[in-house]
Amino acid sequence: MLELVTRPFVLHVSPQSSSMASAMSMKASPVHPSKITTVKALVESTSSSSIPSFYNFTPYLRDEPIASDAEDSVPIIDITLLVSGTPEEQSQIIHQLSKACSDWGCFMVINHDVTESLTKAMIASFQEFFDLPEEEKKEYQGNHVMDPIRCGTGFNPSMDKANYWRDFLKCFAHPEFHTPNKPARFSEIAREFSKRNREVVIILLKAISKSLGLEESYVAKAANFELGLQLLAANYYPTCPEPEKAIGIPAHYDHGLLTTLVNNGVSGLQVKHNEKWFNVNIPANVLFVQVADHLEILSNGKYKSIAHRALVNNKATRMSIALAHGPSLDTVMRPALELVDNESNQPAYVEMTYREFLELQQTGRLRSKFQSDIEQSRAV
Ligand code: OGA
Ligand code: NI
């Protein structure tokens, strides 16, 4: 079995891998039934106690250890201390943030301004969207990673070996804001939700810059964050009759700087920490934050993007909303000059724009820990 996550992490572009990816997909060549467009429609159209074989992910999953709940826990960051703490509290919390980013690559943010009622309204609005007739959702079916609104089901015939047990809607929320015009109020709620999440990220990026020994505005400037791409993505994981065989989203890394994530109270997210999978239960008033690839690149690997995946269950539909907060599409991203030298800290990542990164990732030609042969980090 191939490794899911490949390190070392020096990023390079492989001229052969796209033909390799297509050769591999020809071998597996999954077939999508013509009438079923979403997992939701599939589940609602049958009472079968087994899943169609093209959702069977077991040949591609490694039997990796799962941590027991008591083993360790995701760090918690109280954002009010970053904003209005005493200088001593601020330096303590920046230290905690630095540890969270380097030891875990993820943390829970508490006391932020994305209110529980706004989050609930956002989840309810996405639910209404997924409840629209299949025909209406089809209007938003995009195929390209740069389509500003894209609705679909986890499936890319040229790359994926088995279909994912999830449907999704992805919209660009910044610098331009795009959303479907239905359901009613969706757009208004999505705008507020994205804006408040972005405000949290702006605070975190300042603190993260300081934690790297850089000036407060460093990461935002280097990523041209004012024009940064913010992607609002909702994942819909219907109940699954054979949850141990299917996967919601396989192990991957997110591609932005940071991802903020909430869910509807149903668990399923796992993160990889110390070579074990940890279940992440996200309380209603918490924002779960993940380090993504471009913070890894900027920090020259000091902070590493975290591998994570979404499992499914047979009891309740799970919904999650992830916001990927990335650099501007046309900014060349590279390790911060202040963090590299010609001796022990050589730059570990090649330079490219965020747009190039995203496009390469889609073709399977991005060869590094960011793109393994089996599972692609293109989920957000
Ligand atoms: C994603 C993702 C995890 C989840 O959308 O990139 O990793 O819990 N989602 O749904
Ligand atoms: Ni993800």
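Each ligand, and each atom within it, is numbered from 1 in the order the structure gives. Residue numbers start at 1 and run along the sequence shown.
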Any atoms of ligand 1 less than 4.0 Å from a non-hydrogen atom of [X]? List them with their elements.
{"X": "His252", "answer": "1 (C), 2 (C), 6 (O), 7 (O)"}
{"X": "Tyr237", "answer": "3 (C), 4 (C), 9 (N), 10 (O)"}
{"X": "Arg318", "answer": "4 (C), 8 (O), 10 (O)"}
{"X": "Ile249", "answer": "1 (C), 2 (C), 5 (O), 9 (N)"}
{"X": "Asn235", "answer": "1 (C), 5 (O), 9 (N), 10 (O)"}

Practice prompt. State, with a plain yes or no, whether a side-chain heavy atom of Gln270 is found less than 4.5 Å away from one of Leu311.
Written response: yes
Worksheet item: Ion pair present between Lys40 and Glu44, side-chain N to carboxylate O less than 4.0 angstrom?
Response: yes
Anything under 3.5 Å between a donor and an acceptor, one on a side chain of residues 317-324, the other on a protein residue two or more places apart or in another chain? List them.
from: Arg318; atom 1: NE; to: Val266; atom 2: O; distance (Å): 2.8
from: Ser320; atom 1: OG; to: Asn235; atom 2: ND2; distance (Å): 3.1

Discussion item. Please enumerate all residues that pass side-chain contact (heavy atoms from CB on, under 4.5 Å) together with Ala67, with sequence neighbours excluded.
Written reply: Glu71, Lys276, Phe278
Discussion item. Measuring centre to centre across the rings, with the benzene-like ring taken for any Trp, is Tyr164 within less than 6.0 Å of Tyr237?
Written reply: no
Item to complete: Please confirm whether Asp254 comes within less than 3.5 Å of ligand 1 when only nitrogen or oxygen atoms on both sides are compared.
Response: yes
Discussion item. So for ligand 1, is Gln290 a polar contact partner (N or O within less than 3.5 Å, distance only)?
Written reply: no
Discussion item. What do you get for the angle at the Ni ion (ligand 2) between OD1 on Asp254 and NE2 on His252, to the nearest 10 degrees?
Written reply: 90°
Fill in: Charged tip of Arg191 within 45° of Phe177 ring normal and under 6.0 Å
yes
